[in-house]
Each structure stands twice: as structure tokens, then as C-alpha cells.
Amino acid sequence: MKPPKLKTLFILLLISCTIFNLSAQEQVEKVTIQVNLDEKLGTMDPIWSWWGYDEPNYTYMKDGKKLLSEIASLSPVPVYVRAHSLLVTGEGSHALKWGSTNVYTEDVDGNPVYDWTIVDKIFDTYIERGMKPFAQIGFMPKALSSKPEPYRHHWYPGAPYEDIYTGWAYPPNDYEKYGELVYQWVMHCVERYGKAEVDSWYWEVWNEPNIGYWQGTMEEYFMLYDHASAAVKRALPTAKIGGPETTGPGWDKAAEFLTAFLDHVRDDKSYASGKKDIPLDFITFHAKGSPKLVDNMVQMNIGTQLRDISEGFRIVSSYPEFKDLPIIIGESDPEGCAACSVNDYPQNDYRNGTMYASYTAAAFSRKYALADHFNVNLLGAVTWGFEFEDQPWYAGFRDMATNGVDKPVLNVFRMFGMMEGDRVKINQDDLSYDFLEVRDESVRKQQDINAIASKSNKGAAVMVWNYHDNNDLTIPDAPVTLNIEGVAGKKVLVHHYRVDQDHSNSYTRWKKMGSPQDPTNEQIAELEKAGQLELYSSPIWIETTDAAVEFKFSLPSQGVSLFKLNWE
């Protein structure tokens with residue numbers, strides 16, 4: 001038998017490759033998502049419009065101001081901002097996991113000296129952009145600390161996390177002076193910004209008092225809360241005050257602390273007044289996921305974060321006195337350390353690309369579902385991710401932007417900013433995960449291809465994601481059919497936005513440039529453009545059939561699409 005000619009071999013190879021590719025595509029199940037705009041689930045409250053960060057002095061720096069402006073502009077409602085260290089002693093220098101404002105010192109006779117210059121600069125930056133403080137009363141000024149030395153820490157990625165817990169984390173040496181400081185701060189804010197403005201803020205006492213952020217006992221935290229909350233109400237009786245900002249209640253010790261705090265507010269007399277008048281206007285706790293490396297691949301654990309949320313909701317809903325109070329998840333993230341870079345923690349490699357984006361879409365949808373499940377009042381979920389000044393490009397911090405260039409995750413929040421009105425029902429086939437499966441098992445089997453949808457008077461929006469805990473971008477795109485029923489208009493203008501490897505993705509563009517650490521002005525301009533939310537295709541007008549429309553599209557792994565519909 002003659003050996004085949006080269007041309008014949010090439011044809012056989014081409015056929016075999018085509019068959020292989022078709023076989024791979026067939027392994028991805030076709031997904032049909034059915035949206036009924038007439039089946040209301042609840043209000044599309046902007047629980048995502050809350051941000052926070054450790055380093056308050058980044059607020060008024062160049063890239064900090066730029067990012068705050070972008071965050072403010074993507075939201076139809078005022079964004080609330082939470083920052084640590086607003087009462088820490090120091091000249092206002094910035095560093096990782098450090099910040100200071102020098103609001104409180106004492107003269108040689110031990111008399112208080114108040115200086116609001118730096119904290120005003122922080123709040124002014126928010127107010128100028130239409131944002132509002134979620135004002136954290138923390139941490140302890142050096143002159144009030146019961147163990148002031150050492151006070152300033154110098155933490156860096158890779159150093160033991162416990163190194164940060166220095167003199168600012170200790171109880172006050174004088175609770176009366178501490179209460180007076182809080183009173184003077186609130187009074188100053190009312191004088192500077194007006195009663196109506198400050199009435200719209202939220203004030204909270206401390207951060208994660210069940211771990212090293214509080215170097216006192218649980219009872220001493222209750223004393224701190226009572227004196228701080230009484231001072232806030234004394235200055236402005238209509239102000240909103242809450243706590244205790246514990247770590248995730250999925251951990252038994254955090255759940256015990258949260259429960260003990262609620263018991264204290266309900267049952268005990270105030271350490272400040274001696275009366276049963278401890279104020280509580282909202283309840284706060286944190287929720288974090290837990291990524292790791294498995295066979296050199298990042299594997300997220302969205303279920304861990306959702307179990308924190310679920311247990312917190314369960315605890316609050318078990319108190320008849322408190323079950324209707326607003327809940328703010330004070331930090332709600334894929335893991336716990338925003339300033340821990342990918343160089344020292346390789347499991348954080350998800351942060352620069354689309355995995356952070358798809359995780360965010362999938363997680364926020366389940367936060368709404370869990371709030372419905374427990375019938376609690378979820379007001380907000382704070383994304384603990386801002387920006388880090390003067391750091392390498394795409395260093396792997398948990399941030400929304402790097403050197404003034406937006407990361408893909410911020411574009412998911414831009415998508416959420418276009419969803420308003422009522423949340424409506426999603427129906428899927430048996431292959432889809434429900435929110436309890438994701439909570440209990442995370443996403444370890446098939447892809448989580450799902451959606452969240454909203455309807456307003458003259459439009460609708462549907463966000464669709466293709467998420468998996470394993471960051472495998474080599475699997476084939478998923479074929480998706482999206483059916484939307486209950487469309488009110490006969491003709492609909494459709495905008496299709498996309499976040500994936502090739503759209504709304506500055507990180508991909510940066511890598512194609514060769515990953516420059518000193519990009520030119522032209523490259524920076526190109527990266528800034530790539531960091532914005534992109535249309536996947538041109539806007540189109542389509543006619544409805546029986547008040548319904550249908551879209552067929554492919555969605556890559558860790559990709560997110562938003563269909564925005566408008567009609568007259």
C-alpha cells in the first residue's frame with residue numbers, strides 16, 4: 001500500500017480536529033434561561049452600592065479620587081463608603097493596612113485637643129461626589145489607648161497578619177473621654193455638613209471585635225459600644241448607629257459574639273446610662289469566601305461566603321425585636337485580605353481577571369435570594385476593595401483599579417447600576433444550581449450558568465453569568481438561550497454588554513502589551529479605555545412576539561453578559 005500523500009494527510013488531520021472540536025462543544029450542555037417579567041420577587045434594592053477599604057488616606061489621593069468618581073457615577077443612588085482608622089493618631093501618611101487622621105491628642109495637662117482637618121478631607125471627598133460616609137468609629141487614638149506602645153505598625157504582604165494589632169486596637173483608658181470624642185465628632189459633622197445630610201449616614205462602632213482588631217474582652221466591647229452609641233445619639237438623636245461588625249457568623253465564635261451582642265442590647269442596662277436604652281438601628285457582620293490552589297489552579301469557595309451570610313441572617317431573624325432592622329454586611333468578599341498580593345498568596349490570582357467579575361455576579365444574586373429566604377431586611381453588602389496607590393501594575397491586590405485603570409470586576413458593578421425596579425423570577429432547567437445548593441456545596445460540579453433580572457416601568461435588564469469555582473478558561477463556551485416574557489413594548493431597543501477575556505478587560509490588554517510596569521502615556525490611555533464596560537454588539541431594535549423576545553448567544557467560562565431592554 002502506498003503511503004498517503006502530504007495533502008491527504010492534511011485533510012485527514014483537519015477532519016479529525018473538526019470532529020474533536022465538535023465533540024468538546026457537545027460536552028457543554030445547552031442552557032435555557034426563562035425570565036418572566038410579570039413574576040415579581042421583590043425590589044431590586046442596590047445592596048451592591050457599598051464600598052470599603054483599610055487605608056483612609058488613599059481617599060483624597062490622585063487615583064483614589066478618580067476611582068471614587070467612577071464608583072459614584074455608576075450608581076443611580078448615593079454610594080456608601082466605609083473606611084478603617086478614621087480616629088487613629090498620626091500625620092496622615094498612607095501605607096498598606098494603615099491610615100491616620102490625628103483627630104485626638106491631649107495637651108500637657110491631659111485636656112483633649114481635637115483636629116478634624118484630615119477626617120474632613122476624607123468626608124469632603126465623599127460628599128463632593130454625592131457619596132455618603134458609612135462612618136466607622138475606630139480605632140483608638142494613642143492618647144486614649146490603654147496600651148499605647150507600640151502604636152504605629154509597618155505591615156507588608158507576607159508578614160504575619162497579627163503584626164498589625166498594635167496600640168490602636170486596645171480599649172480606652174477613659175470611657176468618658178472616649179464618649180466625648182465621639183460626641184464632638186458627630187457635632188462637628190452636623191455643623192459642617194448639616195443635620196439632614198448627617199441623618200442620612202450610618203455610624204458604626206469598631207470592626208471585627210471578636211478577633212485581634214479588638215484587644216479587649218467581649219464585655220469591654222459592649223462598654224465601648226454603649227458609650228459610643230450614647231454619644232452619637234446625644235449629639236444627634238436621629239442618627240443611625242449599629243454594630244457589631246463581627247467576622248463571618250459561619251465561624252462558631254463569631255456567631256457566639258453576634259448573639260451575645262444582640263442579647264446585650266435587648267436585655268442589659270447600658271454601661272453609659274445605667275438604663276435599658278442601648279440604641280441599635282442596624283446590624284452588621286462580615287462574610288468571606290476561601291480560595292485555594294488545587295493542582296496549580298485557583299479554586300474559589302463561594303459557598304463559604306454564603307454560609308456566613310446565611311448564618312448571620314438566621315441569627316438576626318431569630319430575634320423578634322431585631323428581625324426587621326436593616327442588615328449591612330460590612331465586608332462581603334471572596335476572601336479576607338485585600339492588601340495580600342498574589343506574589344505571597346498565589347490563590348489570589350483570581351483578582352485581576354474575569355473570575356472576580358463572574359464570582360461577584362453569582363454571589364450578589366444569592367445574597368438577594370438568601371435575604372428572601374430568611375425574610376430579613378438586607379440594606380447593603382460592602383465590597384472591601386478599593387485601590388492601592390504607588391503599587392506595581394496588576395500586583396494582585398483585591399482592588400477595583402490599578403494605577404487608575406479599572407479592572408474587569410468594576411464593570412459588573414456598572415451592570416448592576418443599570419438594573420432597577422423589581423427583581424423578577426428566573427426559571428431554568430434541572431441543570432441549574434439553586435441558591436441553597438451554592439450555599440451548601442459551592443460550585444464544584446457543572447458550570448453555574450444563571451441570571452438575575454429586573455423590570456422597571458419602561459425597561460428590563462437581565463444579567464447572565466458563567467461561573468465555576470475552578471478558574472478553567474479552556475473549557476468551551478456555553479450555548480445559552482435567553483427567553484424573556486412579559487415585555488410591555490412592541491419594539492424593544494436592546495443593548496448587550498459583556499465582560500470576558502476580550503471585552504471590558506484591561507488585564508488582558510495589559511498582558512498583550514507585554515505586561516509593562518512602566519507603560520507609556522499612549523498605553524495607559526489604551527488600558528483606561530479597555531477598563532470601561534463594552535457593548536458586545538451594536539444596539540438593535542427588535543419586535544416582540546406575544547410580549548416575548550429571545551436571544552441566543554455563547555458565554556465563555558467566567559464571562560458575564562447584561563441585556564438591557566428599553567421600550568416606550
Between [X] and [Y], do the side chains contain an N or O donor and an N or O acceptor separated by less than 3.5 Å?
X    : Y    : result
T354 : Q558 : no
Q501 : Y507 : no
H286 : E208 : yes
N210 : T247 : yes
W384 : D54  : yes
D469 : Q299 : no
N450 : W465 : no
K367 : S332 : yes

What are the two closest heavy atoms between [X] and [Y], and how far apart are they?
X    : Y    : value
L96  : P157 : CD1-CD, 3.4 Å
L379 : W50  : O-NE1, 3.5 Å
G248 : A254 : O-CB, 3.2 Å
S442 : I302 : OG-N, 3.2 Å
E387 : G64  : OE2-N, 3.2 Å
I33  : V464 : CD1-CG1, 3.7 Å

Practice problem: Using the test ring pair (Phe, Tyr, Trp, His ring centres under 6.0 Å), find all partners of H496 that sit at least two apart in sequence or belong to another chain. | Solution: Y536, F553, F563

Exercise. Sequence neighbours left out, what passes ring pair (Phe, Tyr, Trp, His ring centres under 6.0 Å) with W51? Give chain and number order.
Key: F413

Exercise. Measure from the side-chain N and O atoms of H153 to the backbone N and O of K97, and report whether any donor-acceptor pair falls under 3.5 Å.
Key: yes

Quiz item: Okay, side chain of R414, backbone of L410: is any donor-acceptor separation there less than 3.5 Å?
Solution: no

Practice problem: Would you mind telling me which of D45, I47, L370 makes a side-chain contact (heavy atoms from CB on, under 4.5 Å) with L378? | Solution: I47

Atom pair [atom1] ([X]) and [atom2] ([Y]), whose distance is rounded to the nearest 0.5 Å:
X    : Y    : atom1 : atom2 : result
Q215 : M140 : CD    : CE    : 12.0 Å
S557 : N466 : OG    : CG    : 5.0 Å
L565 : L493 : CG    : CG    : 8.5 Å
Y368 : R423 : OH    : CZ    : 7.0 Å
E128 : K65  : CD    : NZ    : 6.5 Å
L67  : T402 : CG    : OG1   : 11.0 Å

Exercise. Start with the C-alpha distance between R498 and L562, add both sets of side-chain angles, then the distance that settles side-chain contact (heavy atoms from CB on, under 4.5 Å), and finish with yes or no.
Key: CA-CA 6 Å; R498 170 67 65 83; L562 178 79; over 6 Å; no

Exercise. Please assess Q447 against Y433 for the test side-chain hydrogen bond (donor to acceptor under 3.5 Å, both in side chains), listing each intermediate value before the final yes or no.
Key: CA-CA 9 Å; Q447 298 290 113; Y433 291 86; over 6 Å; no

[Y] and [X], any side-chain heavy atoms less than 4.5 Å apart:
X    : Y    : result
M415 : Y497 : yes
H468 : M300 : no
N57  : I118 : yes
Y356 : N348 : no
R307 : N301 : yes
M355 : V298 : yes
D406 : Q532 : yes
W185 : W116 : yes

Practice problem: Can you establish whether the number of heavy atoms outside Y161 located under 6.0 Å from its atom OH is more than 12? | Solution: yes

Quiz item: Is the count of non-hydrogen atoms from other residues, nucleotides or ligands lying under 6.0 Å from K147 atom NZ greater than 12?
Solution: no

Answer with yes or no after comparing the ring centroid distance for [X] and [Y] against a 6.0 Å cut-off, counting only values under it.
X    : Y    : value
W201 : F123 : yes
Y202 : F282 : yes
W206 : W214 : yes
Y170 : W168 : no

Exercise. Please lay out, stage by stage, how D333 and R398 fare under the test salt bridge (Lys or Arg N to Asp or Glu O under 4.0 Å).
Key: CA-CA 9 Å; D333 306 291; R398 193 175 69 237; 3.6 Å; yes

Quiz item: Which is it for E149 and K142 under the salt bridge (Lys or Arg N to Asp or Glu O under 4.0 Å) test, yes or no, and what are the steps along the way?
Solution: CA-CA 8 Å; E149 296 293 349; K142 186 174 183 178; 2.9 Å; yes

Practice problem: Salt-bridge test for E335 and R351: reply yes if a basic N is under 4.0 Å from a carboxylate O, no otherwise. | Solution: yes

Quiz item: Under 4.0 Å between a Lys/Arg side-chain N and an Asp/Glu carboxylate O for D308 and K288?
Solution: no

Exercise. Decide ring-ring contact (aromatic ring centres under 6.0 Å, His included) for Y58 and Y53; before the verdict, give the C-alpha distance in whole Å, the side-chain angles of both, and the deciding distance to 0.1 Å.
Key: CA-CA 9 Å; Y58 289 162; Y53 44 98; 7.6 Å; no

May I have the list of side-chain donor-acceptor pairs in residues 75-86 shorter than 3.5 Å, sequence neighbours left out?
{"unit_1": "S75", "atom_1": "OG", "unit_2": "V77", "atom_2": "N", "d": "3.2"}
{"unit_1": "S75", "atom_1": "OG", "unit_2": "V77", "atom_2": "O", "d": "2.7"}
{"unit_1": "Y80", "atom_1": "OH", "unit_2": "S200", "atom_2": "O", "d": "2.6"}
{"unit_1": "R82", "atom_1": "NE", "unit_2": "E204", "atom_2": "OE1", "d": "3.4"}
{"unit_1": "R82", "atom_1": "NE", "unit_2": "E204", "atom_2": "OE2", "d": "2.5"}
{"unit_1": "R82", "atom_1": "NE", "unit_2": "E245", "atom_2": "OE2", "d": "3.4"}
{"unit_1": "R82", "atom_1": "NH1", "unit_2": "G330", "atom_2": "O", "d": "3.4"}
{"unit_1": "R82", "atom_1": "NH1", "unit_2": "E331", "atom_2": "OE2", "d": "3.1"}
{"unit_1": "R82", "atom_1": "NH2", "unit_2": "E204", "atom_2": "OE2", "d": "3.4"}
{"unit_1": "R82", "atom_1": "NH2", "unit_2": "N207", "atom_2": "OD1", "d": "2.8"}
{"unit_1": "H84", "atom_1": "ND1", "unit_2": "Q136", "atom_2": "OE1", "d": "3.2"}
{"unit_1": "H84", "atom_1": "ND1", "unit_2": "Q136", "atom_2": "NE2", "d": "3.0"}

Among residues at least two apart in sequence or on other chains, which ones pass side-chain contact (heavy atoms from CB on, under 4.5 Å) with [X]?
X    : result
S504 : N411, V499, L533, E534
E162 : P160, Y165
T474 : D472

Exercise. Could you check D448 against R366 for salt bridge (Lys or Arg N to Asp or Glu O under 4.0 Å), going step by step and ending with a plain yes or no?
Key: CA-CA 12 Å; D448 175 32; R366 276 52 187 248; 2.7 Å; yes

